[in-house]
Engineer: 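Pasting a structure below so you can have a look.
Letters go in sequence order (proteins before strands), and every chain restarts at 1. Small disclaimer: the values here were computed from a predicted structure and weren't measured. All values below come from the heavy atoms of this structure, side chains included, with hydrogens, waters and symmetry mates left out.
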Protein chains: 2
Amino acid sequence: MSDSALIEAARDFNRFYTNFLGVLNRAYLDTPFTLTDARVLFEIGSHDGIGAVTLARDLQLDPAYLSRILKRFRAEALIEAKPDPSDLRSQIISVTDQGRAQFQDLGRRSSAQIAERFEGLALGEPHSIVSAMTTIRTLLDPNAASAPAIIRAHRPGDIGWIVQSQAKAYTDEYGWDMRFEGLVADVAGKFLNNFDPQLEYCWIAERNGINVGSVLIANGGDGVAKLRLLYVDKAARGLGLGKTLVDECIRFASAKKYRQISLWTNDILHAARSIYVKTGFRLISEEKHCMFGPQENCQTWVLDL
Amino acid sequence: MSDSALIEAARDFNRFYTNFLGVLNRAYLDTPFTLTDARVLFEIGSHDGIGAVTLARDLQLDPAYLSRILKRFRAEALIEAKPDPSDLRSQIISVTDQGRAQFQDLGRRSSAQIAERFEGLALGEPHSIVSAMTTIRTLLDPNAASAPAIIRAHRPGDIGWIVQSQAKAYTDEYGWDMRFEGLVADVAGKFLNNFDPQLEYCWIAERNGINVGSVLIANGGDGVAKLRLLYVDKAARGLGLGKTLVDECIRFASAKKYRQISLWTNDILHAARSIYVKTGFRLISEEKHCMFGPQENCQTWVLDL
DNA sequence: ATAATTTAGTTGACTCAGTCAACTGAATTA
DNA sequence: TAATTCAGTTGACTGAGTCAACTAAATTAT
């Protein structure tokens, strides 16, 4: 999966959507408002009591320009502005009844344009469009509240995801080669092929329907649980997800009466290492190797239960 | 979700995306081009020989305004325009080398902005965004021609993708269980671990930066090439991609002097089966099994080279 | 407590992106 | 052959948006 091809596709969409929005915004053609006017009025209407600075920041407008627009709106009695008692420099802006009427009219026009576009579509298509829009927005909007991650058992495809994400991450971040993906695929395949639901488990952390982390416990025999394939995606690091996953493993291993958890890692994986330390694992052996290209120290850690 | 709720959600997305595009278009801030300039230059660059009327229609620009922009571009030697011999009123516009350089620079800036946005996202997220964009575009743009798929060698992560996509597809479509994912992971892992670049290869079909198909050739010894893990994603079926992939395998196996290609499949996979028939494979054995849950007939096919 | 700096918002002065109407000359239709 | 349409250009304009300089309140530094 090529990043640059993804970017090209995104650019292509942006060109298309620039045009598309251009067409939609003709809704305002026979009103006395420009697109910017409409955006401002809309923003005030839906955030009553907003200040000019916030408004300018949210809509990415020049303060001077915004000031003039607000002045005009005030002159036309679409909005009212009174000084904020807690900070006399700034003002509290709200729409008048007349302004609200205009704002609703603009809304109706805009809705009508979209309704027209949706008109010719098949039954489920508008729904598909809107859920695709939601996907994009959730992922691109930094202000969209980031959903909490949920942790669940693995489902079909998840093991493949583990292979893919680890291979991609460790080749990108540490320059490991193809052999690493081979190893992960092997470990993952063996886990599935010998899967014992009584004594083994695979946890997947998921956010907005997208996998962001994993770990699994495999039976190593002799009362030893092997903790394997701990991984947290770049986008979800720093949230304590790794620790949560390891805690999950420890709880499971205890409940299943394992006497020890053991794991194999590389010293370069600092974040993982610090989780192991925090959860009480101890390093019992270390060895140089070049299994994946660059020289690393592989380490074995254990936790007695 | 009711119609009006859908429309509201679409409007909300449009407001968000208007802002978002505004931010992206800052890429042009420190160039001598406006957004409109960039759009025009881009359109000419990618449709060499386009006429001014088409250009104005595609970009929804006023002909007078466009005329002035083109005049300026001509003065700056970014484009050339010669009269269309079949209609002396209209002109054939094309970019000069200098114009192409500018156009590519603008492209780089725009790509960089998007890359920056994609930077902090999780592995699958840019992919989700782009496929959501494709959904929207396909449904809203009646002229959208789906991009052609390209076929390339595998890269890190692709083997994991193969495991994931096949596991997901076959559990969804045929109700196969986890053992299938285990088998695929195993085959894929072995392929990577014993990979012989001289005699083995893995092809990935990609569209809009999204993987949509795969196949691989592994050395089975004795002059026999094993064709494995042929797969075409639901979204890209019916385009002949499967056949293209198999043809690629046959060409490769011939060039590498294999004497035979053999493969293992299940009779329920009708599309694959018809490709094998078409490309000259013959069925040599068939056997009932319940390896993945439902009862299937597994089949071995061979093609002598 | 006072001075220096920052912040919210406004105003003057400007420019250039974009619009509208009227035109030229070639192509098409009546 | 005349009337109409079409591709593209030019004149004349306007108003959306920008930049710098300002006022006055609030905050921070001394």
Engineer: Using OP1 and OP2 only, check whether a side-chain N or O of Arg74(A) sits under 4.0 Å from dT10(C).
Structural biologist: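 For Arg74(A), the contact criterion (side-chain N or O under 4.0 Å from OP1 or OP2 of dT10(C)) is met.
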Engineer: In whole angstrom, what separates Phe33(A)'s CZ from dA16(D)'s P?
Structural biologist: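 Taking CZ of Phe33(A) and P of dA16(D), I get 12 Å after rounding.
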Engineer: When the distance from CZ of Phe73(B) to P of dT9(D) is rounded to whole Å, what number comes out?
Structural biologist: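 About 14 Å, once rounded to whole Å.
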Engineer: The side chain of Lys71(A) is closest to which nucleotide in this list: dT10(D), dT11(C), dT18(D)?
Structural biologist: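 Looking only at side-chain atoms, Lys71(A) lies closest to dT11(C).
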Engineer: If only side-chain N and O atoms of Arg57(B) are considered, is one of them under 4.0 Å from the OP1 or OP2 phosphate oxygen of dG8(D)?
Structural biologist: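 Negative; the distance criterion is not met.
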Engineer: With the side chain of Ala52(A) defined as its heavy atoms from C-beta on, choose the nearest nucleotide among dC20(C), dG9(C), dT9(D).
Structural biologist: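 Output: dG9(C).
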Engineer: When you measure from the side chain of Leu88(B), which nucleotide among dA26(C), dA7(D), dT10(D) comes out closest?
Structural biologist: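 For the Leu88(B) side chain, the nearest candidate turns out to be dA26(C).
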Engineer: Among dT9(D), dA8(C), dA7(D), find the nucleotide with the atom closest to the side chain of Ser67(B).
Structural biologist: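 Nearest to the side chain of Ser67(B) among the choices is dT9(D).
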Engineer: Without decimals, in angstroms, what is the distance between Asp62(B) CG and dG8(D) C1'?
Structural biologist: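 Checked: the CG to C1' distance equals 12 Å.
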Engineer: Parallel, tilted or perpendicular: which describes the rings of Phe16(A) and Phe13(A), with under 30° parallel and over 60° perpendicular?
Structural biologist: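 Geometry flag for Phe13(A) against Phe16(A): tilted rings.
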Engineer: dA17(C) P sits how many Å from Leu66(B) CG, rounded?
Structural biologist: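 So the two atoms are 14 Å apart, to the nearest Å.
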Engineer: I'd like to know if the side chain of Asp105(B) reaches the main chain of Gln102(B), judged simply by a donor and an acceptor atom lying under 3.5 Å from each other, with no hydrogens or angles considered.
Structural biologist: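 Not at all, since once roles are kept as given, no pair shorter than 3.5 Å links the two residues.
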Engineer: The side chain of Asp87(B) is closest to which nucleotide in this list: dA21(C), dA27(C), dA17(C)?
Structural biologist: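 When the side chain of Asp87(B) is considered, dA27(C) is the closest of dA21(C), dA27(C), dA17(C).
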Engineer: Could you state the CG-C1' distance from Leu61(B) to dT9(D), rounded to the nearest angstrom?
Structural biologist: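 Atom-to-atom, Leu61(B) to dT9(D), this comes out as 16 Å.
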Engineer: Atom CG of Leu35(A) to atom P of dT19(C): distance rounded to whole Å?
Structural biologist: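 Leu35(A) atom CG is separated from dT19(C) atom P by 13 Å.
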Engineer: The side chain of Arg89(B) is closest to which nucleotide in this list: dT19(C), dT5(D), dT9(D)?
Structural biologist: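 Taking heavy atoms from C-beta onward, the closest nucleotide is dT5(D).
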Engineer: Between Gln91(B) (CD) and dA27(C) (C1'), how many Å, whole number?
Structural biologist: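 After rounding, the gap between these two atoms is 16 Å.
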Engineer: Could you verify whether a donor N or O on one side chain and an acceptor N or O on the other, from Arg39(B) and Asn25(B), lie under 3.5 Å apart?
Structural biologist: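 Note: Arg39(B) and Asn25(B) side chains miss the donor-acceptor criterion.
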Engineer: For DNA chain D, whose closest nucleotide is more 5', that of Ser86(A) or that of Asp37(A)?
Structural biologist: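 It is Asp37(A), whose closest nucleotide lies nearer the 5' terminus.
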Engineer: Kindly indicate, with the supporting measurements, whether the criterion salt bridge (Lys or Arg N to Asp or Glu O under 4.0 Å) is fulfilled by Arg100(B) and Glu80(B).
Structural biologist: CA-CA 11 Å; Arg100(B) 181 164 302 279; Glu80(B) 283 170 335; over 6 Å; no
Engineer: Between P on dA7(D) and CD1 on Ile50(B), what's the gap in Å once rounded to a whole number?
Structural biologist: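 It is 13 Å, rounded to the nearest whole Å.
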Engineer: When you check the side-chain N and O atoms of Tyr17(A) and Asn14(B), is any donor under 3.5 Å from an acceptor?
Structural biologist: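 Present: a donor and an acceptor within the cut-off.
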Engineer: Output the single nucleotide from dA7(D), dT18(D), dT19(C) whose closest atom is nearest the side chain of Ser90(B).
Structural biologist: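 Nucleotide nearest to Ser90(B)'s side chain: dA7(D).
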Engineer: Does Arg68(A) get its side chain close enough to the base of dG12(C), under 3.5 Å, for a donor-acceptor pair?
Structural biologist: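 Such a pair is found, so the answer is yes.
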